[in-house]
Protein chains: 2
Amino acid sequence: MSDKSTRDHIVEAADQLFYHNGFEHTSFSDIADAVKISRGNFYYYFKTKDDILEAVIDVRLAKTRAMLDQWERDGRTPAERIRSFIHILITNRADIKQYGCPVGTLNAELAKLDHGSRPEAAALFMLFRNWLCKQFALLGRKRDADALAMHVLAMSQGVATLANTFQDDRFIQREVQQMDDWLALIADGEVPTSRPARVN
Amino acid sequence: MSDKSTRDHIVEAADQLFYHNGFEHTSFSDIADAVKISRGNFYYYFKTKDDILEAVIDVRLAKTRAMLDQWERDGRTPAERIRSFIHILITNRADIKQYGCPVGTLNAELAKLDHGSRPEAAALFMLFRNWLCKQFALLGRKRDADALAMHVLAMSQGVATLANTFQDDRFIQREVQQMDDWLALIADGEVPTSRPARVN
DNA sequence: GTCTATACTGAGATAGAC
DNA sequence: GTCTATCTCAGTATAGAC
């Protein structure tokens with residue numbers, strides 16, 4: 001289809017604007033301006049703002065799945081793969097400082113709007129949660145794998161929120177270091193199952 | 001002043017609406033309706049939406065200071081006081097599940113809006129940060145007191161974000177338990193200073 | 001498939017009567 | 001101090017020409 005390119009450009013621009021400025025704060029004009037098309041043309045592709053949000057979430061889901069698959073292939077051990085997740089805080093630190101975590105901030109905004117696409121946005125978190133859960137199970141923590149996954153997710157969310165508020169690079173570095181150390185202990189079987197993911 | 005009551009009602013209603021529905025998603029009509037006054041009357045008290053945001057943040061700052069002072073008086077030890085902070089996750093879990101953390105979500109939204117009141121909202125976080133820092137210093141962790149404070153703040157932010165997304169009560173309970181255990185170790189001097197707040 | 005023109009709505013904000 | 005009436009503007013959305 002020859003319309004694929006324009007549609008993709010719209011979704012791409014919307015994705016970025018939603019992340020940088022928030023879903024509600026982004027207008028059709030903002031998106032149309034970014035893609036350099038008219039508002040009328042915009043409506044040829046998306047009839048409502050909710051339609052484009054759905055499309056953006058779909059793209060994010062696909063991109064996330066691809067990223068997790070990549071980590072799966074690249075990491076030789078479960079610990080190494082979990083480390084890939086933890087280290088996106090470093091890789092994306094510039095964006096995180098400015099705009100927070102794209103997944104966390106979208107879910108927070110949609111919760112306040114009581115938006116119909118909340119479940120789809122939560123599914124974005126679920127991808128990470130299930131993937132991490134699988135890795136912890138492979139590490140021999142079958143019984144508390146999900147709790148450990150949620151703990152790692154919570155840590156990274158908290159770090160993203162505070163890094164965004166305080167604009168602090170060193171804080172990210174420090175917390176990632178601690179998560180790495182913690183993960184090494186888990187991988188060595190030094191953290192008891194009875195107290196999963198207890199912070200030391 | 002006899003106008004104090006109406007003004008206070010407006011700020012109170014705005015405070016709650018901003019928390020529940022977000023700052024941008026809350027209109028003047030929403031606030032006026034909640035207080036049961038006309039929009040025109042509303043403008044007698046606040047000329048712009050930014051004005052009322054400022055007033056709301058001021059009230060939140062005052063309330064937070066009062067709460068911290070209360071914890072200071074009630075807690076016999078620094079550890080007990082820090083525990084007061086950690087346990088607001090339990091106390092406010094119903095609201096947190098529905099709307100997230102009032103401080104974290106406000107800061108995240110204002111960051112996306114690139115709003116002028118960002119520093120004031122960040123000051124809200126700073127109150128907790130400095131207070132926690134002081135308590136950790138009293139616990140004998142002078143050198144890494146601020147890092148520990150940030151770590152506790154990050155944990156609670158992450159827990160609030162995920163509890164909001166997944167609507168999970170047991171998750172909150174579990175993470176608070178772990179933070180309590182961790183705090184006990186810190187209080188007993190069992191966590192080395194060289195690796196501040198390393199997760200175990 | 002892309003554009004212009006236009007309708008409709010709700011939000012922020014003001015003026016002035018009571 | 002409270003209200004109604006009104007203005008302006010941005011945002012969503014539609015119709016229809018090219």
Side-chain angles (χ1 to χ4, degrees), chain A residues 1-57 59 106 109-110 112-118 120, chain B residues 1-59 106 109-110 112-118 120-121:
Chain A
M1 311 291 265
S2 65
D3 67 337
K4 218 197 155 202
S5 155
T6 302
R7 205 196 121 101
D8 286 353
H9 283 143
I10 292 174
V11 175
E12 201 181 329
D15 188 359
Q16 184 165 290
L17 284 165
F18 288 173
Y19 177 35
H20 291 185
N21 305 332
F23 168 67
E24 194 167 33
H25 192 59
T26 300
S27 71
F28 283 18
S29 300
D30 291 336
I31 304 171
D33 287 353
V35 191
K36 292 191 181 73
I37 60 169
S38 70
R39 261 175 306 158
N41 188 12
F42 184 96
Y43 277 92
Y44 173 75
Y45 295 96
F46 298 99
K47 292 305 166 206
T48 71
K49 205 176 174 183
D50 292 349
D51 286 347
I52 186 156
L53 175 61
E54 267 186 52
V56 166
I57 294 179
V59 164
L106 179 65
E109 183 176 4
L110 296 189
K112 302 244 184 226
L113 303 185
D114 200 17
H115 194 280
S117 291
R118 268 187 85 180
E120 284 73 33
Chain B
M1 311 295 264
S2 66
D3 66 339
K4 217 198 155 199
S5 158
T6 302
R7 204 196 122 103
D8 286 353
H9 284 143
I10 292 175
V11 176
E12 201 181 331
D15 188 357
Q16 185 166 290
L17 285 165
F18 288 173
Y19 177 35
H20 291 185
N21 305 332
F23 168 67
E24 194 166 34
H25 192 59
T26 301
S27 71
F28 282 18
S29 300
D30 292 337
I31 304 171
D33 287 353
V35 190
K36 293 192 181 70
I37 60 169
S38 69
R39 260 175 308 156
N41 189 11
F42 183 96
Y43 277 93
Y44 173 76
Y45 294 97
F46 297 99
K47 293 304 165 205
T48 71
K49 206 176 175 184
D50 292 349
D51 284 348
I52 186 154
L53 176 61
E54 267 185 53
V56 166
I57 294 178
D58 283 346
V59 165
L106 178 66
E109 183 176 4
L110 296 189
K112 301 243 186 225
L113 304 184
D114 200 19
H115 194 281
S117 290
R118 269 187 84 180
E120 284 73 33

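Chain identifiers are assigned alphabetically (A, B, ...) following the order of the sequence lines, protein sequences preceding nucleic acid strands; residue numbering begins at 1 within each chain. For the numbers below, each heavy atom of this structure counts, side chains included, while hydrogens, waters and symmetry mates do not.
Within the nucleic acid shown, A/Ser29 has no heavy atom closer than 4.0 Å to any nucleic acid atom. Among the heavy atoms of the strands lying under 4.0 Å from B/Tyr43 is at least one base atom, whether or not backbone atoms are also near.
Rounding to the nearest 0.5 Å gives a distance of 6.0 Å between CD1 of B/Ile10 and CZ of B/Phe46. Within the model, atoms CG of A/Leu106 and CG of A/Asp15 stand 9.5 Å from one another, a figure rounded to the nearest 0.5 Å. One distance of note links CG of A/Leu53 with CD of A/Glu24; it measures 11.5 Å at 0.5 Å rounding.
In terms of the side-chain hydrogen bond (donor to acceptor under 3.5 Å, both in side chains) criterion, A/Asp114 has no residue partners (sequence neighbours excluded). Every residue meeting the side-chain contact (heavy atoms from CB on, under 4.5 Å) condition with B/Glu120, not counting sequence neighbours, appears here in chain and number order: B/Ile57, B/Ser117. A/Asn21 is linked by a side-chain hydrogen bond (donor to acceptor under 3.5 Å, both in side chains) to nothing, counting only residues two or more places apart in sequence or in another chain.
Rounded to a whole Å, the CG atom of A/Asp33 is 10 Å from the P atom of D/dG11. At whole-Å resolution of the value, CG in A/Asp51 and P in D/dT14 are 10 Å apart. D/dA15 atom P lies 9 Å from atom NZ of A/Lys47, rounded to whole Å. In this entry the distance linking NZ of B/Lys49 with C1' of C/dA11 reads 8 Å, nearest Å.
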Could you pull out the protein-nucleic contacts involving nucleotides 5-7 of chain C (nitrogen or oxygen on both sides, under 3.5 Å)?
none

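For B/Phe28 and B/Tyr43, the ring centers are positioned less than 6.0 Å apart.
Comparing D/dT2, C/dA13, D/dA13 by their closest approach to the side chain of B/Phe28 singles out C/dA13. Each of C/dT2, C/dA13, D/dC3 was ranked by its minimum atom distance to the side chain of B/Ile37; first place goes to D/dC3.
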Using atom types as modelled, flag every donor-acceptor pair under 3.5 Å from a side chain in residues 29-40 of chain A to any protein atom, sequence neighbours excluded.
| residue | atom | partner | partner atom | Å |
| --- | --- | --- | --- | --- |
| A/Asp30 | OD2 | A/Ser27 | N | 3.1 |
| A/Asp30 | OD2 | A/Ser27 | OG | 3.3 |
| A/Ser38 | OG | A/Asn41 | N | 3.1 |

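Within residues 10-27 of chain B, the residues approached by DNA chain C to less than 4.0 Å at the level of any non-hydrogen atom are B/Thr26, B/Ser27, in residue-number order.
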